[in-house]
Number of protein chains: 2
Amino acid sequence: MKSNVTMKDIAQKLNVSSVTVSKALNDKDGVSEELKEKIKQLADEMGYRYNTLAKSMKDGRSYNVCVIIPERFTGMAQSFYLKVYQSIAQILEEKSYYGIIHILPKEDEEQLKLPRIYHERRVDGFIMLGQPSKGYIDLMQSVEMPLVFLDFYDENNHVDAVITDNFYGAYDITNYLIQQGHRDIAYVGNLFSTSSIQDRFLGYYKSLLEHKIHLRQEYIISDRDDEGVFIDFELPEKLPTAFVCNCDQVAHLLMERLQRDGYRIPEDFSVVGFDNDIYAKLTKPELTTVEVDIDEMAKTAVKFICEKMEKSEVMFGRVAVKGKIIYRDSVRELNDSKSRDIS
Amino acid sequence: MKSNVTMKDIAQKLNVSSVTVSKALNDKDGVSEELKEKIKQLADEMGYRYNTLAKSMKDGRSYNVCVIIPERFTGMAQSFYLKVYQSIAQILEEKSYYGIIHILPKEDEEQLKLPRIYHERRVDGFIMLGQPSKGYIDLMQSVEMPLVFLDFYDENNHVDAVITDNFYGAYDITNYLIQQGHRDIAYVGNLFSTSSIQDRFLGYYKSLLEHKIHLRQEYIISDRDDEGVFIDFELPEKLPTAFVCNCDQVAHLLMERLQRDGYRIPEDFSVVGFDNDIYAKLTKPELTTVEVDIDEMAKTAVKFICEKMEKSEVMFGRVAVKGKIIYRDSVRELNDSKSRDIS
DNA sequence: CTGAAAGCGCTTACAG
DNA sequence: CTGAAAGCGCTTACAG
């Protein structure tokens, strides 16, 4: 395969103009079917490859969408965002866009440096995947380019955002525990750490309220300090029968702690998580949890960004995508017995 | 920030030509320092962004390097390749290239479909990260474009490849076990599954040979079938005192099995792994293992691909990058006692 | 149905 | 030190 064949080369061989070749290869009107076929065939034979850079330059669009992920979300076991990116890229592909991943280095985030791809005009829109610093959010807003937030939102900015339905996810899974006969249910998570921990807590709380179950302060168990570093759990004197953990990793840690203390799960305690990530299957027994609908989130974000790239005025607001409960073996049904003693 | 400022716009404002603006912004000779400054400043004020697409078209290069990862390597807990990509992208960035990740869908791999980015001439070179099918390897070879294999190599093709030093990694860690007094050492892995399992086995074997330790067939314990699906371990009648596992995940599985059988680690058995991935810290106790030098591998691969993009004749052959042992708590020192009974 | 002309935004090679 | 001309590979709008 020679690599430098252009439309002009094809045109010359057939004694036509490059305009005709262009039309033929793009399947446009104005060329006889016969000639079209001949051109396409010759293009194939000559190993012609369409040069999109030329087209890009012509119509001033790069056909690239940049997916920015803050570096801190890319650590071990954080394959969640990679999966989201993968889904995004695939959907963009169908629309003939490229999804370009950009892992935002910590320094760039602090110094408010936009990706080089922006300064070099190689991008038509941004999907911000995972919450960056406040300053960076403002920066992204200030450049006039289509922008969608994914998996977080910002109170103060009017940016289209696609998020997991944290609230109803936690609500659903707490309801499930109550259906199984649990009444003493704790929530595990630092309420002041992230908005998703907070929203999940509120979903849990709503479920309690609807079932007229009193929220006990000592049943709100912190899992990390305000910097996000995990801390030892301080379990209350009187233990609940079930724990709603704000994420699978914390459920994993909690189960280890309980098992170390000699308890069995789910016999002694039921535990549920959120995310359905790798930790959900690392626990013994495996975890009942809420699975995030990655494909739906990706699809929605791509739809938004594409429409915004077409006509930049459109706004979609904040959209929450519902997840679904994955039932495994970390929850025990409490048969009528209202409460129990720990032996 | 207006988005459509061009060199011409800047030129007109200053009553100079766009050639002069181009020279000034690229810091080339032929413009007075004074004028250069003025131009740069105005460019800033006007929110000028350099249009690399135009440059790309001019010199027929996209400045993109495509990193292809077969889909099956991107599952949960497979953040290894993401980290490699991250490192690659960062190093390419320093050289003003873009690293474009492309997750190769299974169907495309089967149907031998190259990434669209190739057909659209938006890429100057490929880094193949992770071993694809034989057919796909041949396909990649057939397109005349700079190509580097990363983390695998192919016997039959003369392609530059950067790999982990599986052989010496396993050799080193087996030596370490022997230093700790172990003589009865098993290897865990299906020798016919992948070349890295095989190479690691051979490193283990070399260590035995050098210490005049007889290789016992029943000490080669398979971990997966030929399709790569994990199977139950068949442990030999007489158990060894130490296990060299072909990867951390398998070490994790083995430790679970042994612990389920009532053994303690490292008191009853020593276990070592390879990779230092997430599984190495999920085991209790944490795993002594071989860490792959991701940055060095990435650096080498990028160096190769860049030089090949400059002048395509250069060849580097196969380069193995050494890892290093990470000492944790899964190995026990055997004080002189040659062998032991299991109580 | 076919094509000459102009232009996308930049750079290179050359002339002054 | 400065700039007019030509060209990268394509497409659009228009003329025939």
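We name chains A, B, ... by the order of the sequence lines, and we start the count at 1 in each one.
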Report yes or no: do S62(B) and R122(B) form a side-chain donor-acceptor pair below 3.5 Å? no
Under the side-chain contact (heavy atoms from CB on, under 4.5 Å) criterion, do V148(B) and M128(B) qualify, and how do the steps go? CA-CA 6 Å; V148(B) 171; M128(B) 183 82 224; over 6 Å; no
For DNA chain D, what residues of residues 10-25 of chain A have any heavy atom nearer than 4.0 Å? V19(A), S22(A)
Tell me the closest heavy-atom pair linking D29(B) and K23(B), and the distance in Å. O-CD, 3.8 Å
With pairs defined as Watson-Crick or G-U wobble and both distances under 3.5 angstrom, please note down DNA chain D as a dot-bracket string, | for pairing with another strand. |||.||||||||.|||
N-O pairing of E109(B) and R72(B) below 4.0 Å: yes
Between the SG atom in C306(B) and the CG atom in L92(B), the distance rounded to the nearest 0.5 Å is 5.5 Å
dT11(D) phosphate, OP1 or OP2, under 4.0 Å from Y50(A) side-chain N/O: yes
Whole-Å gap separating P (dC14(C)) and NZ (K28(B)): 15 Å
Applying the side-chain contact (heavy atoms from CB on, under 4.5 Å) test to Y48(B), which of N4(B), L25(B), I39(B), L42(B) qualifies? L25(B)
Please report, to 0.1 Å, the donor-acceptor pairs under 3.5 Å made by any side chain of residues 97-108 of chain B, with sequence neighbours excluded.
from, atom 1, to, atom 2, distance (Å)
Y97(B), OH, R61(B), NH2, 2.3
Y98(B), OH, I117(A), N, 3.2
Y98(B), OH, E120(A), OE1, 2.9

Report the residues that fulfil salt bridge (charged side-chain N to carboxylate O under 4.0 Å, His left out) with D138(B), sequence neighbours left out, ordered by chain and then residue number. K134(B)
What's the CD-C1' distance between E120(B) and dC10(D), to the nearest Å? 13 Å
Is the F304(B) ring parallel, tilted or perpendicular to the F316(B) ring (thresholds 30°, 60°)? parallel
Distance-only polar pair, side chains of D151(A) and T164(A), donor-acceptor under 3.5 Å: yes
Whole-Å distance separating the NZ atom of K8(A) from the C1' atom of dA6(D): 11 Å
Within residues 51-61 of chain A, the residues having a heavy atom closer than 4.0 Å to DNA chain C are M57(A), K58(A)
Worked verdict on N64(A) versus S56(A) for side-chain contact (heavy atoms from CB on, under 4.5 Å): CA-CA 10 Å; N64(A) 287 157; S56(A) 276; over 6 Å; no
What pair of heavy atoms forms the shortest contact from D160(B) to G317(B), and how long is it? OD1-N, 2.6 Å
Using atom CE of M7(A) as one end and atom P of dT12(D) as the other, report the distance to the nearest whole Å. 11 Å
Tell me, which of residues 29-44 of chain A have any heavy atom that sits under 4.0 Å from an atom in DNA chain D? none
With a 4.0 Å cut-off on N to O distance, would you call K13(A) and D9(A) a salt bridge? no
